[in-house]
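Computed from a prediction, not measured in an experiment: that's the story for all the values here. These numbers come from the heavy atoms of this one structure, side chains and all, not from hydrogens, waters or symmetry mates. Order of listing sets the numbers, starting from 1, for every ligand and every atom in it.
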Amino acid sequence: MRNLALKRIQRMQPYKPPLDGRSAYGGMLLDFNEKTKPMQSKIVRALEKFVRSQKLQVYPEYFDLEKRIADYAGVMVNQVMITNGSDQGIDIIFRTFAEKGDTVIIPSPSFAMFYQCAHVIGNEIICPLYKKDDLAFPFEEVLRSLDEQTKLIVVCNPNSPTGTAVSTANIEKIVQKAKSAIVYVDEAYFEFSKITAVPLIKKYPNIIITRTFSKAFGLASLRIGYVIARTEYIAEMLKVRGPYDVNMAAYYSACAALEDRKSMECYVNEVIKKAKPLVEKFFDDFSIPYFQSSANFILFRPDNPKNVMKLLGLGGALVRSQNKQNIENTLRVSIGTVAQMEKFIRIYKKAILRNTKQKYAFLDRDGTLIYEPQDTYQIDSLKKLKILNGVIAGLQELKKRGYALIMISNQDGLGTSSFPQKSFEAPQEKMLRIFRSQGITFDQIFICPHVPNDGCNCRKPKTGLVDKFLRNVNRYKKLSFVCGDRDSDRQFAENIGITFIPMKTNGNFHEAIKSFLTNT
Ligand SMILES: Cc1ncc(COP(=O)(O)O)c(C=O)c1O
């Protein structure tokens, strides 16, 4: 058979999200950024009423839904068009405003539908990349890429899968430069980020926004979203949309969801204010790199992401693999309720951290890494700070060999008038800055601020500071070590059951650890 489909369609791959096995999965679905709680009973009742109404054979009629959405979004009724999910909104915007050969700018990596729509039409796609280090929006590159050929600029705000937000001020600058192009802002996660370009619509004719009921409102299976734009553009886009593309089940559930906004707001608050910080703290505590996100998901970069995804899935939490340019080897986890994220953390610890062989270097600070003054013993001013010989080279070698660096130090009376916090912090921060400039970061820093008479359980050689940390990293003993210049360091190593590397006070750190490293 001769394939009569357009050549450019034949060249495309279908957008096939990894849905297989999801509906039968018994664990938590944290892979599609959906709402993680079931639909409220008010919406279920509205749907049941519709099913029993004996009107399912009748074509849809949308009554005042646009008005209700307009009130919610703070715009006028004729500035709203409802769509079959915001996916349809994206498709209609591309088809209404860009032709074959027109240039569209899609900051990347981003949501798959943008590329699908552009490829179907046959657009020239320019993809400025989100910044590799922090996944910041490529603002300057977008401005530079903009010219008379540009027909559409996509600003996914916040962006999926990076979580990056763009300020309204920066969107305005793009709009000001894009005089003859549409600036299309995807606000699928608006309820979580609370950032919106809606106020700009009054000032600029060329902004179009899509939003959805699929995320914070939890109606993903019902497929309803909406477009916000100038009245004139809504009128154009209505010529492209079909008259019945949104079904009546979606209609009734959207009406009920808007009536029960409190429930949505309560969910969003729990996700953003309570559950997300829990996951961030967990990633911080275990030195798992992640990116700041303004939405209900976090992109993180564990070691061996393929294995982590598999083990999390087996343990009861599905996450989504992301392996695109500048976000190589990352996973994306959707944030749900506090209870769900506590469960996610438990699964992560049990399935991954307990089974990961880790190498830890527990390093004393004063007299080992930095000069210990023989009069005051404590570094209480910037003047006294001196990095010891062999420290930079030694730490760099440890990093190269895959060691996690843990600083553990007794700082007698820290925070009291004899040793105020400020006097400690300035040299400590400077020291960390110097290390950072050499590519050295500490994975954990533990400081005991007590004096011997306090009888605390965290002053070396006691292990109170690290007990909780060590409970989660079972298989660390063989390759880990403590290095320090005091007997308390030796005893601390004994107490946690690992090798001790002695060091002469203010000696050469690299020399001290060399023979241990060559023998392991
Ligand atoms: C950025 C972004 N835009 C749009 C959508 C599509 O949402 P809808 O379910 O409304 O089609 C998604 C869904 O994941 C998304 O992440």
Practice problem: Check whether more than 12 heavy atoms from other residues, nucleotides or ligands sit under 6.0 Å from atom CD of Gln13, and answer yes or no. | Solution: no

Quiz prompt | Heavy-atom gap Ser160 to ligand 1 smaller than 4.0 Å | solution = yes

Can you tell which part of [X] has a heavy atom less than 4.0 Å from ligand 1: side chain, backbone, both or neither?
{"X": "Asp87", "result": "both"}
{"X": "Ala188", "result": "side chain"}
{"X": "Met113", "result": "neither"}
{"X": "Gln88", "result": "neither"}
{"X": "Tyr189", "result": "side chain"}
{"X": "Ala220", "result": "neither"}

Quiz item: Looking only at atom types and distance, does a side-chain atom of Tyr15 sit under 3.5 Å from a main-chain N or O of Tyr115, one as donor and one as acceptor?
Solution: no

Quiz item: Do the charged groups of Glu61 and Lys55 touch, with an N to O distance under 4.0 Å?
Solution: no

Quiz item: Is Arg261 salt-bridged to Glu265, going by a charged N under 4.0 Å from an acidic O?
Solution: yes

Exercise. Assess Lys35 against Tyr267: is NZ or CZ under 6.0 Å from the centre of the six-membered ring, and within 45 degrees of the ring's axis?
Key: yes

Quiz item: What is the minimum heavy-atom distance between Leu312 and Tyr25, and which atoms define it?
Solution: O-OH, 4.1 Å

Exercise. With heavy atoms of Arg223 as the reference, note each atom of ligand 1 found under 4.0 Å away.
Key: 8 (P), 9 (O), 11 (O)

Quiz item: Short list, please: which atoms of ligand 1 are under 4.0 Å from a heavy atom of Gly85?
Solution: 10 (O), 11 (O)

So which protein heavy atom does [atom] come closest to, and at what separation?
{"atom": "atom 12 (C) of ligand 1", "result": "Phe111 CZ, 3.4 Å"}
{"atom": "atom 7 (O) of ligand 1", "result": "Ser86 OG, 3.2 Å"}
{"atom": "atom 1 (C) of ligand 1", "result": "Cys156 SG, 3.4 Å"}
{"atom": "atom 3 (N) of ligand 1", "result": "Asp186 OD2, 2.6 Å"}
{"atom": "atom 13 (C) of ligand 1", "result": "Lys215 NZ, 3.1 Å"}

Taking the six-membered ring where the residue is Trp, are the ring centres of [X] and [Y] under 6.0 Å apart?
{"X": "Phe217", "Y": "Tyr72", "answer": "yes"}
{"X": "Phe297", "Y": "Tyr189", "answer": "yes"}
{"X": "Phe469", "Y": "Tyr360", "answer": "yes"}

